[in-house]
Amino acid sequence: MSTLFYLAAVISVLSTLIAITRVNVTHALLYFILSLISLATIFYTIGAHFAAVLEVIVYAGAIMVMYVFVAMMLNLGHATIDQERAWLKPSIWIGPSVMAGLLLAELLWVLKDTGAADMAHTVTAAKQVGIALFGPYVLAVELASMLLLAGLVGAYHLARK
């Protein structure tokens, strides 16, 4: 199982990096879907089967299909591709690279202190997830749904003639 975990982790990181660097939006979305599916594989290998299924159904399925439809609705042409190439100069990557490095260092520090191997054998039922999402975290769930709705409305207004 650990071989599958590390293989999925490498695929996830590589496909995310490729998705970020693609100029064609459709290709970037397809690589991002691959990244989400490999993330679901990681969830499955650590024993979070419910999270793996949710990752495939909700993110790789529903939300990414919506992104593909929005990209097709916007019908981005060659002018935007030239604009993106101008934005993707190496000097632009300094800030995000520093922030990603800080997040990676923080993640490694947290995993070192908590002992992630002990957490891999816990089983969480769907009922417990539902109670947590609509109990103490109901505000975060509602804010996330409003953010997704605002993105959809914004994409609609950008795409209409």
Side-chain angles (χ1 to χ4, degrees), residues 5 7-46 48-107 110 124-161:
F5 174 83
L7 181 66
V10 168
I11 291 172
S12 179
V13 169
L14 289 177
S15 61
T16 302
L17 288 174
I18 293 171
I20 291 170
T21 58
R22 292 301 99 182
V23 176
N24 189 338
V25 176
T26 308
H27 294 168
L29 287 173
L30 291 175
Y31 278 110
F32 191 50
I33 291 171
L34 177 64
S35 174
L36 291 174
I37 291 173
S38 62
L39 189 62
T41 305
I42 292 171
F43 283 146
Y44 184 79
T45 57
I46 63 172
H49 306 294
F50 183 69
V53 170
L54 284 179
E55 184 79 25
V56 170
I57 292 172
V58 174
Y59 291 108
I63 292 178
M64 291 312 296
V65 167
M66 182 184 71
Y67 283 171
V68 169
F69 285 149
V70 167
M72 291 184 334
M73 217 171 39
L74 290 176
N75 195 13
L76 302 172
H78 291 290
T80 24
I81 291 174
D82 294 336
Q83 185 180 26
E84 284 182 12
R85 282 195 180 130
W87 287 345
L88 291 176
K89 294 180 181 172
S91 61
I92 300 293
W93 290 91
I94 294 172
S97 298
V98 168
M99 287 188 279
L102 289 173
L103 283 175
L104 179 64
E106 180 182 353
L107 175 68
V110 167
T124 304
K127 183 177 180 179
Q128 292 172 331
V129 173
I131 289 171
L133 285 178
F134 295 107
Y137 299 112
V138 70
L139 183 62
V141 170
E142 292 301 320
L143 287 174
S145 67
M146 286 184 179
L147 181 66
L148 287 172
L149 179 65
L152 185 62
V153 169
Y156 171 76
H157 283 291
L158 285 173
R160 71 181 178 150
K161 303 277 187 238

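For the single chain, residues carry numbers from 1 onward in sequence order. Keep in mind that what you see is a predicted model, and the values were worked out from it rather than measured.
In this structure, OH in Y44 is found 15.5 Å from CZ in F50, a value given to the nearest 0.5 Å. The distance from atom CG of L152 to atom CD1 of I63, rounded to the nearest 0.5 Å, is 11.0 Å. With values rounded to the nearest 0.5 angstrom, T41 atom OG1 is found 8.0 Å from I11 atom CD1. Atom-to-atom distance recorded for L7:CG and I42:CD1 is 9.5 Å, nearest 0.5 angstrom.
No donor-acceptor distance shorter than 3.5 angstrom exists from the side chain of S12 to the backbone of A8, with no hydrogens or angles considered. With S35 contributing its side chain and Y31 its backbone, the two residues share no donor-acceptor pair below 3.5 Å.
Of all heavy-atom pairs spanning A40 and A52, the tightest one is O-CB, 3.3 Å.
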Under 3.5 Å, which donor-acceptor pairs link side chains of residues 130-151 to any protein atom two or more places apart or in another chain?
unit_1	atom_1	unit_2	atom_2	d
S145	OG	E142	O	2.7

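Applying the ring-ring contact (aromatic ring centres under 6.0 Å, His included) rule to H27 yields no partners; only residues at least two apart in sequence or on another chain are considered. In terms of the side chain to side chain contact (heavy atoms under 4.5 Å, CB included) criterion, residue partners of A28 (sequence neighbours excluded) are, by chain and number, R22.
Residue Y59 forms a side-chain contact (heavy atoms from CB on, under 4.5 Å) with just one option from L54, L39, L36, I33, and that option is L36.
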